[in-house]
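Below you'll find the structure, written out as structure tokens, and then a few comments.
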Amino acid sequence: MTGPMPPFRRPSHDDLSLGTLARRVADELALLSCLSLALQDALSHCPFATHPDAATLAGLQGIDRITQGIDDLRRLMDALPDHLPDTITVAPRTLLAPLRLRDLADRLAMAEAPRAVAPRTSSAGDVSWF
């Protein structure tokens, strides 16, 4: 069973095309992927007093899985606008209201949002623990 339909709302000049929002989400995912790679790289340079056991290494390898997942979601969000009509718009402030990070919500909603992409330091899958 579905809930009631939201009331019809006239589009405003602040509305954002769904494609633009998808591109901005892709940019944010690219930033998160870079941060995850930087974390992975930093941890791989941390010396261990003793060689980590297999369970610890498997857990640390999960960081690479997170990075790869974020990067794939970025690719999906980057490709999505090519499959959407430009006429689909959203009210960004209402849609983004549940987000806790105000700077993230502001970047996604801004008319001229700066790209939130950091340079990559390595490729996903490069782990120097093994």
From Leu32 atom CG to Leu37 atom CG, the distance as rounded to the nearest 0.5 Å: 11.0 Å

Would you call Leu16 and Arg24 a side-chain contact if the rule is heavy atoms closer than 4.5 Å? yes

Leu73 side, atom CG; Asp78 side, atom CG - distance, nearest 0.5 Å: 12.0 Å

Decide side-chain contact (heavy atoms from CB on, under 4.5 Å) for Leu21 and Thr89; before the verdict, give the C-alpha distance in whole Å, the side-chain angles of both, and the deciding distance to 0.1 Å. CA-CA 9 Å; Leu21 180 59; Thr89 62; over 6 Å; no

Say you draw a straight line from CD1 of Ile70 to CZ of Arg65; how long is it, rounded to the nearest 0.5 Å? 10.0 Å

Point-to-point distance, once rounded to the nearest 0.5 Å, from CZ of Arg23 to CG of Leu18: 10.5 Å

Asp103: salt bridge (Lys or Arg N to Asp or Glu O under 4.0 Å) partners, not counting sequence neighbours: Arg107

Hey, is the main chain of Asp41 close enough, under 3.5 Å, to the side chain of Ser44 for a donor-acceptor pair? yes

Got Gln68 and Asp64 here, is their nearest side-chain heavy-atom distance under 4.5 Å? yes

Atom of Gly19, atom of Leu84 and distance for their closest heavy-atom approach: N-CD1, 4.0 Å

For Val25 against Leu108, the heavy-atom pair lying closest together: N-CD2, 3.8 Å

For residues Leu96 and Arg102, report the shortest heavy-atom separation together with the two atoms involved. O-NH2, 3.6 Å

How close do Ala79 and His83 get, heavy atom to heavy atom, and via which atoms? O-CD2, 3.2 Å

Could you tell me whether the side chain of Ser33 and the main chain of Leu29 form a donor-acceptor pair under 3.5 Å? no

Between CZ on residue Phe48 and CG on residue Asp53, distance to nearest 0.5 Å: 10.0 Å

Which heavy atom of Ala26 sits nearest a heavy atom of Arg74, and at what distance? O-CG, 3.2 Å

So Arg93 and Asp15, salt bridge (Lys or Arg N to Asp or Glu O under 4.0 Å) or not? Walk me through it. CA-CA 9 Å; Arg93 292 294 172 195; Asp15 282 359; over 6 Å; no

Sub-4.5 Å side-chain heavy-atom contact between His51 and Leu57: yes

CD1/Ile88 to OG1/Thr20 distance, rounded to the nearest 0.5 angstrom? 12.0 Å

